[in-house]
Amino acid sequence: MRVQRVQKPVMQALRLPFDHRTDTASLRHAAHGWLISWQDGDVVEDTLLVITELVQNVVQHTGDGGEVALTGNGQVLVEVFDHSRNLPRLIGPDPRRLGGRGMLLVDAVSDEWGSRLTATGKVVWARLPVKPAAS
């Protein structure tokens, strides 16, 4: 009897570099085109929200750029790489503070999220459920 190992297909990613001048609409447009063919519209919208919030955090807190990486294999994984070593944290809403709710939004729409240091900075990631697009 011959046994053949079957691996789950990985929908390898879309990689999108950005800098502090990049319009997030262009990142969302590229991600939307990649996601919409195999993802339910609600998951696509949640994924685009996560991308926007994580990229805005990089631009706001580092004044620099980075790279968005998207992969799909049972979940949509959004990763945003940058050169800062400061890890994000959840901060409760404060009516006296403008902004500061981005990670609360990421936390609300993702199954899980986290961050880790890399050799050149950090990566902040979020996993979202996969719901196949309607045929």
Side-chain angles (χ1 to χ4, degrees):
M1 180 169 146
R2 186 173 168 195
V3 177
Q4 184 177 12
R5 177 176 271 177
V6 178
Q7 294 182 337
K8 292 182 180 179
V10 174
M11 295 186 151
Q12 179 57 13
L14 181 61
R15 297 188 80 84
L16 303 166
F18 65 93
D19 64 29
H20 68 280
R21 297 176 307 260
T22 302
D23 178 15
T24 55
S26 63
L27 295 174
R28 287 192 308 269
H29 180 75
H32 183 272
W34 182 75
L35 290 162
I36 199 66
S37 64
W38 61 281
Q39 274 300 290
D40 175 74
D42 290 339
V43 174
V44 171
E45 293 304 317
D46 288 348
T47 303
L48 298 178
L49 173 66
V50 168
I51 291 168
T52 300
E53 292 302 329
L54 296 182
V55 167
Q56 289 295 337
N57 279 354
V58 170
V59 172
Q60 180 180 354
H61 296 292
T62 72
D64 200 2
E67 184 175 55
V68 175
L70 301 174
T71 52
N73 186 16
Q75 292 180 316
V76 177
L77 175 62
V78 178
E79 296 174 294
V80 177
F81 297 84
D82 68 56
H83 297 292
S84 170
R85 298 190 63 78
N86 295 325
L87 299 176
R89 56 192 168 91
L90 286 179
I91 300 174
D94 181 344
R96 298 167 295 182
R97 186 180 65 237
L98 188 61
R101 294 169 180 82
M103 293 310 297
L104 291 172
L105 291 170
V106 171
D107 186 58
V109 301
S110 63
D111 284 351
E112 63 179 334
W113 72 273
S115 59
R116 68 181 181 281
L117 295 176
T118 67
T120 59
K122 71 172 175 296
V123 58
V124 181
W125 56 267
R127 284 184 175 53
L128 292 97
V130 167
K131 295 178 187 170
S135 301

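All values below come from the heavy atoms of this structure, side chains included, with hydrogens, waters and symmetry mates left out.
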Does atom NE2 of H61 have more than 12 heavy-atom neighbours, drawn from other residues, nucleotides or ligands, at distances under 6.0 Å?
yes
Show every salt bridge (charged side-chain N to carboxylate O under 4.0 Å, His left out) that has at least one partner inside residues 63-72, sequence neighbours left out.
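Passing the test, one end in residues 63-72: R15-E67.
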Taking all atoms of both residues into account, what is the closest heavy-atom pair of [X] and [Y], and its distance?
X	Y	result
L70	W34	CB-CZ3, 3.6 Å
I51	A31	CD1-CB, 3.6 Å
V124	M103	CG1-CE, 4.2 Å
P129	V76	O-CG2, 4.4 Å
S84	D82	N-OD1, 2.7 Å

Got a second to check how far [X]'s [atom1] is from [Y]'s [atom2], nearest 0.5 Å?
X	Y	atom1	atom2	answer
N57	S115	CG	OG	11.0 Å
I91	R101	CD1	CZ	10.5 Å
L48	T24	CG	OG1	10.5 Å
R127	D111	CZ	CG	9.5 Å
L49	L128	CG	CG	9.0 Å

Side chain to side chain contact (heavy atoms under 4.5 Å, CB included) with V55: which of L16, V68, V50?
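Exactly one candidate clears the test, V68.
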With side chain to side chain contact (heavy atoms under 4.5 Å, CB included) as the test, pick out the partner of W125 among V80, V78, L77, V106.
L77
Whether R85 side chain and T118 backbone form a donor-acceptor pair below 3.5 Å
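Yes, the answer is positive, given that a donor and an acceptor are paired below the 3.5 Å cut-off.
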Is there a chain of hydrophobic side chains (I, L, V, M, F, W, Y, each step under 4.5 Å between heavy atoms) that links F81 to V58?
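They do not share one cluster, since no chain of ILVMFWY contacts under 4.5 Å joins F81 to V58.
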Same apolar cluster: V123 and L54, side chain cutoff 4.5 Å
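No, no single cluster joins them.
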Those residues that, when tested against W113, pass side-chain hydrogen bond (donor to acceptor under 3.5 Å, both in side chains) (two or more places apart):
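W113: side-chain hydrogen bond (donor to acceptor under 3.5 Å, both in side chains) contacts with D107.
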Side-chain cluster (under 4.5 Å, hydrophobic types only) that L87 belongs to, other residues
L117
Can you list the residues that meet the salt bridge (charged side-chain N to carboxylate O under 4.0 Å, His left out) rule with E79, with sequence neighbours excluded?
R116
With sequence neighbours left out, what residues match Q60 under side chain to side chain contact (heavy atoms under 4.5 Å, CB included)?
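Q60: no side chain to side chain contact (heavy atoms under 4.5 Å, CB included) contacts found.
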Please list all pairs passing the side chain to side chain donor-acceptor pair (under 3.5 Å) test where one or both residues lie in residues 45-54, with sequence neighbours left out.
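Every pair satisfying side chain to side chain donor-acceptor pair (under 3.5 Å) with a residue in residues 45-54: R28-T52.
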